**Q** 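Questions regarding the structure given below will be posed in turn.
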Amino acid sequence: MWSQILEGIKIAISAIRSNKLRSGLTSLGVVIGIAFVIFMGWFLQGLDFAFEQAISTLGTDVLYIDKWDWAGRKSWRETMNRPDITLRQCEELTSRMQSAEAASILARKWNATVKSGSDNYTGITVVGANSVYADIAAGVIKTGRFFSPVEDMYSSNVCVVGYDVVKNFFGEGTDPVGKELKIKGVTFTIIGKIEKQGSMFAPPWIDNQIIIPIKSFLNIYSGSNKMMKNISVAIKAGGEENVENAKMEAVGHMRQIRKLQPNQENDFAVNESQAFRDNIANLRLGVWAVGIGLTALSFLVGIIGIMNIMFVSVTERTKEIGIRKALGARRRSILFQFLVEASSLCFLGAIIAFVLCSVVMFAVVRFGEVTFLTPYIPPNLLIIATVVSIVVGVLAGMIPAMRASKLDPVEALRYE
Amino acid sequence: MSTSSEHEQPMLIDIEHIAKSYVMGEETVHALKDISLKIRKNEYVAIMGPSGSGKSTLMNILGCLDTPTKGSYILNSNVVSEMDDNELAEIRNKEIGFVFQTFNLLPRYSTLKNVELPLVYSGMPSGERKERAENALRAVGLGDRMGHKPNELSGGQRQRVAIARALVNSPSIILADEPTGNLDTRTGDDVMRMFEELWLNGNTIIVVTHEPDIAAHARRVVRVRDGVIESDTINEHPVSAIEKAHEVELSEVAA
């Protein structure tokens, strides 16, 4: 059997080599098909990777009680008309929560201006939170530490900074601990640095944030009434299996706190990082639908091309088939020979596609600075594409190969 | 030559009342009407006949490329007339060595690969295959041409490659179809000498031809006409190709 396969491959290679241009052109359809398969898989894997990374930065078991619904399940107008969530309501909720591992008030000031010495930076997000936020979604503290409950309680002027903040103020890789920043004229001492977390689906501000104790935050920004309205609560359920419990408890407390009647709908949103999965599922589906459609189309073209050229090849080599049969080739030997030839043509297409895709991928990742995609073809896709190309070859070669195998040796030998 | 020793040889080909007809359009062509033929091991037979006589059809049936419509054909105790395509392929591979008028070598293969081909289909491992093919090529005097492609060889050399290919499986019969038809007289004689040597070494040779000169080398001549055997005679005065070659050499030396 193996010697037959080897023999078939040798025959196929010599047949392909004697018709280089024709073979190359024929396999073009397969090249395009395989390239589609690889690009699609590559992009989807990158997408999944980036998405999982983003989810984990938000925390897979974290709930955000907010006025705004992230998944956009309610109309914007309806959401706008909801009463704001006040600081007091937030304090009430965090103190009442029983089933969750941790709950922190969360307030944000977007687009803040921060100073260090004479340097000025705008576009920074200042986050006010409790000390437990360290365990919820603050990210990993690489250098230094998060602020303590005591610093939280006494509204110490300490802060934890994101990766890009350090990069912009002090240069990449510097240890910022002990350095000072001025937010709205108040001096804060940096006590910790958060590891880089940004990726495609993570909020763009995630590396450009400064986290300070919630009371310090209120001290700075309490003059602005508006700030007090943009408050939410982050709740870490403590394990994904506990998310439903925590959600029910939080909803119950919030309804009580906001004095909702039983017949009234919730006038707040419970956001989960999981909710993003719905959005990404649609994107995935879109990529798949387009990808599969294009792939199927190009494979159809590829199969027709290969089938056509195999018919030509069988006709051209009628005499050869006659000779082989006269010398004792059985039907299945001839069938096999042409199937291997068709598969080799497709595999040739796959190899061309591998080279093409590798070049494109490397270029995209290198020069496009895309972080969520691999700069090479993922190995599992290499295997899938190889198998697909061989299957396509067998499909395309089957009818011509059957015709070849059934040729009458007398007729075939007479053919000139 | 003693004919009695030939009759002690076992029966190789036993054809009984075979007929072959084709349907061509609305007409049925009876290529072979009623043919019975027995050939023993180590015979040297020429099958003669004009074109359209059914000679080619008979050769195709003898070579197991085709089966008769009627009658029975037993080759080396295999009932060929009842075989299907794959069984025929197997019997051709085992029992028959073909030598064609147009050589029928595969142009992309080296001579060695061409000679190996029947062994590939008999499933022999590649090492053994190569050794046997090399031996066969040496036997026909082409030991130094193994890597050449057919188009790098002369007509005579190509036919010798074909003979090596026919021999390599040690078949029961060597079946040659107009083997000198595409060769000049000199190389043709050379090929006939080779057949004679093979016959002297115990092989069974069947040569299909329309040339009396070629048939004259055989020890038995079967004439076919209009789908029946017209005559089947022992050649009392066969022309020995080996002796002829000696004479040519001597005359060349003399000149």
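Note that the structure is predicted; figures quoted are calculated from it, not measured. Each chain gets a letter, A, B and so on, in the order the sequences are listed, and its residues count up from 1.
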**Q** How about Arg332(A): does its CZ atom have over 12 heavy atoms from other parts shown lying under 6.0 Å from it?
**A** no
**Q** Measure distances from Lys94(B) to the heavy atoms of chain A and classify the residue's part below 4.5 Å as side chain, backbone, both or neither.
**A** neither
**Q** Would one find more than 12 heavy atoms of other residues, nucleotides or ligands at under 6.0 Å from atom CZ of Arg331(A)?
**A** yes
**Q** Tell me whether Arg108(B) at atom CZ has more than 12 heavy atoms from other residues, nucleotides or ligands lying less than 6.0 Å away.
**A** yes
**Q** At a heavy-atom distance under 4.5 Å, which candidate from Glu320(A), Lys325(A), Arg324(A), Lys319(A) has the highest pair count against chain B?
**A** Arg324(A)
**Q** Does the pair Leu413(A) and Phe98(B) meet the rule for a side-chain contact (heavy atoms from CB on, under 4.5 Å), with working shown?
**A** CA-CA 12 Å; Leu413(A) 277 170; Phe98(B) 286 101; over 6 Å; no
**Q** State whether the number of non-hydrogen atoms from other residues, nucleotides or ligands found under 6.0 Å of Met40(A) atom CE is greater than 12.
**A** yes
**Q** Would you say Tyr22(B) has more than 12 foreign heavy atoms packed within less than 6.0 Å of its OH?
**A** yes
**Q** Any idea which heavy atoms bring Tyr121(B) and Ser333(A) closest together, and the distance?
**A** CE2-CB, 3.8 Å
**Q** When rounded to the nearest 0.5 angstrom, what is the spacing between CZ in Arg165(B) and CG in Leu327(A)?
**A** 4.5 Å
**Q** Above 12 or not: heavy atoms from other molecules or residues under 6.0 Å from CZ of Arg403(A)?
**A** no
**Q** Tell me, side chain or backbone of Ile96(B) under 4.5 Å from chain A's heavy atoms, or both, or neither?
**A** neither
**Q** Could you tell me which portion of Asn60(B) (side chain, backbone, both or neither) has an atom closer than 4.5 angstrom to a non-hydrogen atom of chain A?
**A** side chain
**Q** Could you look at Asp85(B) and say if it's the side chain, the backbone, both or neither that has a heavy atom under 4.5 Å from chain A?
**A** side chain
**Q** Distance from Leu65(B) atom CG to Asp408(A) atom CG, nearest 0.5 Å?
**A** 8.5 Å
**Q** What's the spacing between Arg330(A) CZ and Arg92(B) CZ if we round to 0.5 Å?
**A** 11.0 Å
**Q** Need one label for Ser56(B): side chain, backbone, both or neither, based on atoms under 4.5 Å from any heavy atom in chain A.
**A** neither
**Q** State, to 0.1 Å, how close Ala329(A) and Ala89(B) come at their nearest heavy-atom pair, and which atoms those are.
**A** O-CB, 3.5 Å
**Q** To the nearest 0.5 Å, what is the distance between CD1 on Ile323(A) and CZ on Phe100(B)?
**A** 7.0 Å
**Q** Within a radius of less than 6.0 Å around CD of Glu316(A), do more than 12 heavy atoms belonging to other residues, nucleotides or ligands occur?
**A** yes
